[in-house]
Amino acid sequence: MNLLQGFVDRLTDSYWYLLLGLLVLVVLWRLGTLIIGKRPLADHFPLLSALLDVILMPLWVIITGGLVHYAARVLQLPVLSGPIHWTTSLLVYLTAAWAMGRVVTVMSRQRRRRKKRSEQIPKLIEALIYVVMLILAMALFMWQQGYSFTGVWVSTGVAAGVIGLALQRTLGDLFAGVSLGIERPFRIGDWLEIPDEKLVGQVVDLNWRATRLRGWDNATVVIPNGRMASASLKNYYSDHHLYAPWYFVSIPAEVSPRFASALLLDAAMRCESVLKFPNPVVRLADASKMPYSYMVWVHLRNYPSMFRAREELYREIHLGLQEAGIEIAPEVTEMRTRRAHINRAEPPTIALALRGLDVAGVLSDDELAQLAARSEYRYYNVGDQILAEGGVSDAFYVIIGGLVDSAVRLPDGSSKVVETLGPGKHFGISEMLTTQPNFLEFVANTDVTLIRIDLEAVRALIEQRPELREYLAEVVKTRLDAADAARVASRRPVRRLSLRDVREGIERRLRGTRASPRQ
């Protein structure tokens, strides 16, 4: 350091006007970037800019000290020579430490950006990085100047005790903020609920003294870190975290629980804001008193989307119950003398339910009536196997309520779901349309209500409706391709059936013959 200062002193004696002009240009450049708000090098190459500051900032301090020392010599003030050199050395250490702290923070930000982390580094952590660097610089400067650490510790002990007693609450907030930054029970951008404060807000900053939350009214609430560290928190997390609330709906006890659950599930599946995977879940929560209480559990993209999704869910539930002729049963406390309305809502008739099929538009009323005459309702609980892979289906199944998983068995014995079928979908017709046993396994994902239609009735209808044959062949072909793709993904060789194979299989079954499959 002494050699460098001596070199700068000799340089200023000869070229002080050049150094002064260069220093003025640097100051004007810094002021211009602050006024305009744009720093091309720092914005596009932050790490390179921070590394250059490690060299340039101490260099500007040394040049400034050299110019001040030159001015003192010109003014014939030799008594200022020692203090100027001492102050210049101290500022060189401090500016170098500050620049190193900036390098560390820039590297931390870039590392988070590479890992695609959206949360920001709390300002408290950044401030601690700078403080640690400055303390190390001061210690190195004192060691270079020949100061004794023991003497400094003893001389400042009493003052530190007095300051610590006076700043007890402030220091408590500081260390509480440090513990929150290390433990990280929440991050910047998370939504917190603090029951003690009766507050819900998003974390926007964590500094050395307090945590700042922004509520739904866009007002900022400042909570000291000491209170935040001791408070009970409920973290709803950031905008990239799934939120899974549940809601309760009261339905009269006269309505069949299976029918009510199917209506509520269908309403949840119609909501755009509700995720289809994981699937919505409906459960009968309380049947010990009237009216019955049903729980609807849904998954949303994040916590802020809860308000829109809740409105949409209740709106769809209201519409579904209204169309089924069911009144939501609120808890009424007033006494009335009129005769109460008795809900006699029942599941729709089979003929009415068949009109919800996607192919019902091409069928006449007489054809729907023929299918309804050969049909019946079937009920399955969650997890029940409806149709096994490799088995022979003797019926055509139509889903009225609930969800059914179609899965394929892989070589390792595991089962992979290739499609989840909802209300209006159908299955069980591949045995009639192809020359192979059933190639998928159908399992109830939820409590399921089905309509079972005899295959002979469907076969007679297909003979009269060639366009229905083409449609069903397309459905079977799509499911065959999905099952084959799952097996190929598991490295199992398969033979893919073409649409022509499916059509030929349909014609053979309609003629009553069964040809052997191609080798």
Checklist entry - Does atom CZ of R310 have more than 12 heavy-atom neighbours from other groups under 6.0 Å away? => result yes
Next on the checklist: Applying salt bridge (charged side-chain N to carboxylate O under 4.0 Å, His left out) to E474 and K477, what does each step give before you reach the verdict?
Outcome noted: CA-CA 5 Å; E474 290 282 354; K477 177 63 170 58; over 6 Å; no
Next on the checklist: Ignoring hydrogens, what is the shortest heavy-atom contact between P423 and G402? Give both atom names and the distance.
Outcome noted: CD-O, 3.6 Å
Item to check | Any V204 side-chain heavy atom under 4.5 Å of R212 side chain | outcome: yes
Next on the checklist: Using a strict threshold of under 4.0 Å (side-chain N to carboxylate O), is an ion pair present between R374 and E456?
Outcome noted: no
Checklist entry - Considering only heavy atoms from C-beta outward, does the side chain of L213 approach that of I223 to under 4.5 Å? => result yes
Next on the checklist: Assess the residue pair E419 and K425 against the criterion (salt bridge (charged side-chain N to carboxylate O under 4.0 Å, His left out)); give the C-alpha distance rounded to whole Å, side-chain angles, the decisive distance to 0.1 Å, and a yes or no.
Outcome noted: CA-CA 11 Å; E419 186 181 6; K425 300 296 183 180; 5.8 Å; no
Checklist entry - How long is the span from the OG atom in S305 to the CG atom in L300, to the nearest 0.5 Å? => result 4.5 Å
Next on the checklist: Is there a side-chain contact (heavy atoms from CB on, under 4.5 Å) between V417 and V408? Walk through the geometry before answering.
Outcome noted: CA-CA 7 Å; V417 177; V408 61; over 6 Å; no
Item to check | CD1 on I453 to OG on S375, rounded to 0.5 Å | outcome: 4.0 Å
Checklist entry - Closest approach of V298 and P280, non-hydrogen atoms and distance? => result CG1-CB, 4.2 Å
Checklist entry - Taking atom CZ of F277 as the centre, does the number of heavy atoms from other residues, nucleotides or ligands within less than 6.0 Å exceed 12? => result no
Checklist entry - Do you know the tightest heavy-atom contact between N279 and K276? => result OD1-O, 2.6 Å
Item to check | Minimum heavy-atom distance I399-F427, with the two atoms named | outcome: CG1-CE2, 4.1 Å
Checklist outcome for this item: Heavy atoms of P245 and W297 approach each other most closely as O-CD1, 3.1 Å
Next on the checklist: Run the side-chain contact (heavy atoms from CB on, under 4.5 Å) test on Y303 and D239 for me, step by step, so that the C-alpha distance in whole Å, both residues' side-chain angles and the decisive distance to 0.1 Å come before the verdict.
Outcome noted: CA-CA 7 Å; Y303 170 71; D239 296 343; over 6 Å; no
Item to check | Side chain to side chain, I386 and V404, heavy atoms closer than 4.5 Å | outcome: yes
Next on the checklist: A side-chain contact here means heavy atoms from C-beta on lying under 4.5 Å apart; do M107 and T105 qualify?
Outcome noted: no
Item to check | Inter-residue atom distance R258.CZ - T449.OG1, 0.5 Å rounding | outcome: 6.5 Å
Item to check | Side-chain donor-acceptor pair present, N445, D405, cut-off under 3.5 Å | outcome: yes
Checklist entry - Of all residues at least two apart in sequence or in a different chain, which pass the salt bridge (charged side-chain N to carboxylate O under 4.0 Å, His left out) check with R301? => result none
Checklist entry - For S238, does its backbone N or O pair with a side-chain atom of D190 as donor and acceptor, under 3.5 Å? => result yes
Checklist entry - Looking at CG of L371 and CD1 of I350, how far apart are the two atoms once the value is rounded to the nearest 0.5 Å? => result 10.5 Å
Checklist entry - Do the non-hydrogen side-chain atoms of P291 and I251 ever get within less than 4.5 Å of each other? => result no
Next on the checklist: Given 3.5 Å as the limit, does a donor-acceptor pair link the side chain of E441 with the main chain of Q385, or not?
Outcome noted: no
Checklist entry - Should the ring pair Y243 and Y236 be called parallel, tilted or perpendicular, given that the plane angle runs from 0 to 90° and is split at 30 and 60? => result perpendicular
Checklist entry - Taking the six-membered ring for Trp, are Y237 and H241 parallel (under 30°), tilted (30 to 60°) or perpendicular (over 60°)? => result parallel
Item to check | 4.5 Å side-chain heavy-atom contact, L421 and F442 | outcome: yes
Checklist outcome for this item: Taken to the nearest 0.5 Å, the spacing of D384 CG from R378 CZ works out to 12.5 Å
Next on the checklist: Taking the side chain as everything from C-beta on, heavy atoms only, tell me whether L242 gets closer than 4.5 Å to N302.
Outcome noted: no
Next on the checklist: I need the Y247 OH to M306 CE distance, nearest 0.5 Å.
Outcome noted: 5.5 Å
Checklist entry - Going through the checks in order, is the side-chain contact (heavy atoms from CB on, under 4.5 Å) test met by Y292 and D286? => result CA-CA 6 Å; Y292 287 177; D286 187 6; over 6 Å; no
Checklist entry - When the ring planes of W216 and F307 are compared, do they come out parallel, tilted or perpendicular, using 30° and 60° as the limits? => result perpendicular
Next on the checklist: Before you tell me yes or no, could you show the steps for L192 and V200 under side-chain contact (heavy atoms from CB on, under 4.5 Å), namely the whole-Å CA-CA distance, both residues' side-chain angles and the distance that decides it to 0.1 Å?
Outcome noted: CA-CA 6 Å; L192 301 182; V200 176; over 6 Å; no
Next on the checklist: If I compare all heavy atoms of V222 with all of A210, which pair ends up nearest, and what's the gap?
Outcome noted: CG1-CB, 3.5 Å
Next on the checklist: Contact between K234 and P195 at the side-chain level, heavy atoms closer than 4.5 Å - yes or no?
Outcome noted: no
Checklist entry - Is there a donor-acceptor contact under 3.5 Å linking the side chains of D205 and T211? => result no
In a table with atom names and distances, give each donor-acceptor pair under 3.5 Å that connects a side chain of residues 261-275 to protein atoms at least two apart or in another chain.
from: S261; atom 1: OG; to: P257; atom 2: O; distance (Å): 2.9
from: D266; atom 1: OD2; to: R270; atom 2: NH1; distance (Å): 3.0
from: R270; atom 1: NE; to: E316; atom 2: OE1; distance (Å): 2.9
from: R270; atom 1: NH2; to: E316; atom 2: O; distance (Å): 3.2
from: R270; atom 1: NH2; to: E316; atom 2: OE1; distance (Å): 3.3
from: S273; atom 1: OG; to: E312; atom 2: OE1; distance (Å): 2.9

